[in-house]
Amino acid sequence: MTGQLIELAIALAGLAATVVLFYRIPRLPEKMSSSQSTPAISVIIPARNEEQNLKLILGDLKKQVLSPLEIIVVDDMSEDQTATVAMEFGVRLIFVHQKPEGWTGKTWACQFGADAAAGKLLLFLDADVRLGENGLRRLVSTYIAEPGTISVQPRHHTERAYEQFSMLFNLVQIAANGTALPSQSSQGLYGPLILISQEDYRTLGGHQTVKDSIVEDMSLGQRLRQLGLPYHIYIGDQDISFRMYAGGFRSLLEGWIKNMASGATRTKPIVFVMMFLWIASLISVSYHLILALLGSQLIWIILYTACYAIWVTILFALTKQIGQFSKWPIVFFPLPLLVFICVFALSAIKKIFRLTVRWKGRTIATETKRCD
């Protein structure tokens with residue numbers, strides 16, 4: 001009985017942690033600045049084998065209410081038609097043929113693009129990001145109203161069944177980064193979209209200071225904080241979204257394995273404890289409801305069924321704010337939870353034992369964070 005009460009207490013503690021971890025979802029302001037002085041923007045897109053995504057984001061950029069000064073696509077040794085797509089849209093195309101020792105592919109491509117940019121503001125965009133026609137205007141208006149680096153975790157758009165397994169990963173990423181805490185104290189930026197002034201970028205030393213980092217967005221945020229440079233974190237809506245890992249279930253697994261353990265090691269201890277309780281509660285409720293049903297323990301069936309229903313309600317409310325997810329991964333959340341646990345465990349093992357991970361055809365050493 002004592003053990004059951006402890007397990008129930010863990011389940012309730014995890015439910016309570018939700019109130020803190022997801023206290024608020026920060027959005028970019030809808031109101032546009034009336035300022036006539038708009039800083040020139042250089043859009044930099046690091047691209048490796050992104051021909052399909054590139055067509056979409058370049059199309060979005062051509063439709064913006066606020067036009068950028070330039071669009072720079074940095075082709076990171078792609079093996080598909082990435083370069084052809086960039087040329088068809090008439091944007092500036094830069095080829096990266098050799099990556100210096102000690103750099104990851106993305107950090108080198110971003111640095112290479114930034115060195116060639118002429119705008120006062122640099123907008124680093126992943127190729128899978130989608131922008132509504134007011135996307136750039138809202139970003140710049142927010143920057144004018146409150147100068148400082150801006151980073152946005154795009155709203156997650158899903159299309160195929162396997163993409164639903166990103167639901168818990170997305171929630172954990174937002175919570176662990178501190179984005180939704182009562183007093184925002186995020187641990188880093190979000191890599192898909194970073195808007196930063198040339199001045200701040202040069203002050204922090206550009207991507208060179210995080211050149212070997214697998215999670216360069218987290219490292220950049222920590223570097224900004226060390227230098228006392230302000231930055232602001234938001235969660236995307238209809239104007240800023242993305243479709244993660246459209247290349248199949250394998251790409252989803254490789255992407256999250258690459259990120260999970262490295263991101264966890266950078267999480268604040270108090271937030272990590274709350275996240276541990278949050279995940280433990282999801283596990284405990286699922287497991288003990290099954291045990292209660294198998295054992296025909298009526299009182300525990302009622303208690304854990306109530307907890308399960310509360311979790312389903314919470315997940316419905318949270319996922320609605322961060323993305324477009326189906327009902328089945330929420331109602332049957334133990335399934336995506338099992339995938340999450342397996343991926344996190346594998347990611348942790350690879351990091352602890354200094355094993356390599358795969359990402360976009362490259363082998364990444366988790367200890368040195370370098371790509372071959």
Side-chain angles (χ1 to χ4, degrees), residues 28 40-96 105-107 109-114 116-117 119 121-140 142-143 150-160 163 166 170 189-196 207 216-217 234-248 251-252 255 322-324 359-360:
L28 278 175
I41 313 168
S42 292
V43 177
I44 301 165
I45 305 175
R48 177 174 170 82
N49 299 332
E50 295 283 7
E51 62 174 294
Q52 297 302 324
N53 285 326
L54 202 56
K55 294 175 184 178
L56 301 175
I57 185 56
L58 292 180
D60 291 345
L61 288 167
K62 294 294 184 180
K63 300 174 184 176
Q64 292 299 298
V65 172
L66 175 64
S67 298
L69 172 68
E70 58 184 348
I71 301 171
I72 301 172
V73 173
V74 185
D75 188 340
D76 180 16
M77 302 176 68
S78 295
E79 299 168 340
D80 62 1
Q81 300 302 308
T82 290
T84 301
V85 171
M87 289 187 288
E88 288 175 351
F89 276 86
V91 301
R92 187 176 178 185
L93 176 63
I94 299 176
F95 291 95
V96 175
K106 183 177 180 180
T107 56
C110 287
Q111 183 68 60
F112 211 74
L121 298 180
L122 305 177
L123 176 60
F124 295 98
L125 277 183
D126 280 0
D128 58 3
V129 173
R130 300 298 309 276
L131 295 176
E133 63 180 16
N134 282 312
L136 282 186
R137 188 178 173 191
R138 287 178 66 188
L139 285 166
V140 175
T142 302
Y143 175 84
I150 294 172
S151 187
V152 180
Q153 173 72 350
R155 179 177 176 80
H156 193 169
H157 171 74
T158 61
E159 294 184 8
R160 298 169 63 185
E163 296 174 59
S166 280
N170 286 160
L189 308 180
Y190 288 117
L193 189 155
I194 298 173
L195 178 70
I196 185 171
H207 279 81
E216 83 291 336
D217 46 0
Y234 300 96
I235 303 300
D237 52 24
Q238 74 282 354
D239 278 332
I240 301 176
S241 63
F242 64 1
R243 183 185 173 199
M244 295 183 73
Y245 310 132
S251 69
L252 181 147
I322 67 164
Q324 175 191 348
W359 181 239
K360 292 193 175 183

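Here the structure is a predicted model, which means the values were calculated and not measured.
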Review point. What residues, two or more places apart in sequence or in another chain, satisfy side-chain hydrogen bond (donor to acceptor under 3.5 Å, both in side chains) together with Thr107?
Key: Thr104
Check your understanding: By salt bridge (Lys or Arg N to Asp or Glu O under 4.0 Å), which residues pair with Glu159, not counting sequence neighbours?
Key -> Arg243
Practice item. Any chance you could measure Met244, atom CE, to Ser166, atom OG, to the nearest 0.5 Å? Key: 5.5 Å
Side-chain donor-acceptor distances from residues 54-63 under 3.5 Å, at least two apart:
residue : atom : partner : partner atom : Å
Asp60   : OD1  : Arg130  : NH2          : 2.9
Asp60   : OD2  : Arg130  : NE           : 2.6
Asp60   : OD2  : Arg130  : NH2          : 3.4
Asp60   : OD2  : Leu131  : N            : 3.0
Lys62   : NZ   : Phe89   : O            : 3.3

Review point. Atom CD1 of Ile45 and atom CG of Leu125: how far apart are they, to the nearest 0.5 Å?
Key: 5.5 Å
Practice item. Take Ile240 and Tyr234, measure what side chain to side chain contact (heavy atoms under 4.5 Å, CB included) needs, and give me the verdict at the end. Key: CA-CA 10 Å; Ile240 301 176; Tyr234 300 96; over 6 Å; no
Point to revise | Distance (rounded to the nearest 0.5 Å) between Thr82 OG1 and Arg48 CZ | key: 9.5 Å
Review point. What residues, two or more places apart in sequence or in another chain, satisfy ring-ring contact (aromatic ring centres under 6.0 Å, His included) together with Tyr190?
Key: none
Review point. With sequence neighbours left out, what residues match Asp76 under salt bridge (Lys or Arg N to Asp or Glu O under 4.0 Å)?
Key: Arg362
**Study point:** Atom pair CG/OH of Leu123 and Tyr143 - distance to nearest 0.5 Å
**Key:** 12.5 Å
Review point. Under 4.0 Å between a Lys/Arg side-chain N and an Asp/Glu carboxylate O for Asp239 and Arg137?
Key: no
Point to revise | Separation between CD1 of Ile322 and NE2 of His156, rounded to the nearest 0.5 Å | key: 9.0 Å
Review point. Are Thr142 and Leu195 close enough, and set up right, to give a side chain to side chain contact (heavy atoms under 4.5 Å, CB included), and what steps lead you there?
Key: CA-CA 10 Å; Thr142 302; Leu195 178 70; over 6 Å; no
Review point. Yes or no on side chain to side chain contact (heavy atoms under 4.5 Å, CB included) for Arg138 and Asp237, after CA distance, side-chain angles and deciding distance?
Key: CA-CA 11 Å; Arg138 287 178 66 188; Asp237 52 24; 3.0 Å; yes
Name the atoms and distances for all side-chain donor-acceptor pairs under 3.5 Å in residues 67-74, with sequence neighbours left out.
residue : atom : partner : partner atom : Å
Glu70   : OE2  : Ser42   : OG           : 2.6
Glu70   : OE2  : Ala118  : N            : 2.7

Exercise for review: Please test Phe124 against Ile196 for side chain to side chain contact (heavy atoms under 4.5 Å, CB included), starting from the C-alpha separation and ending with a verdict.
Suggested key: CA-CA 8 Å; Phe124 295 98; Ile196 185 171; 3.9 Å; yes
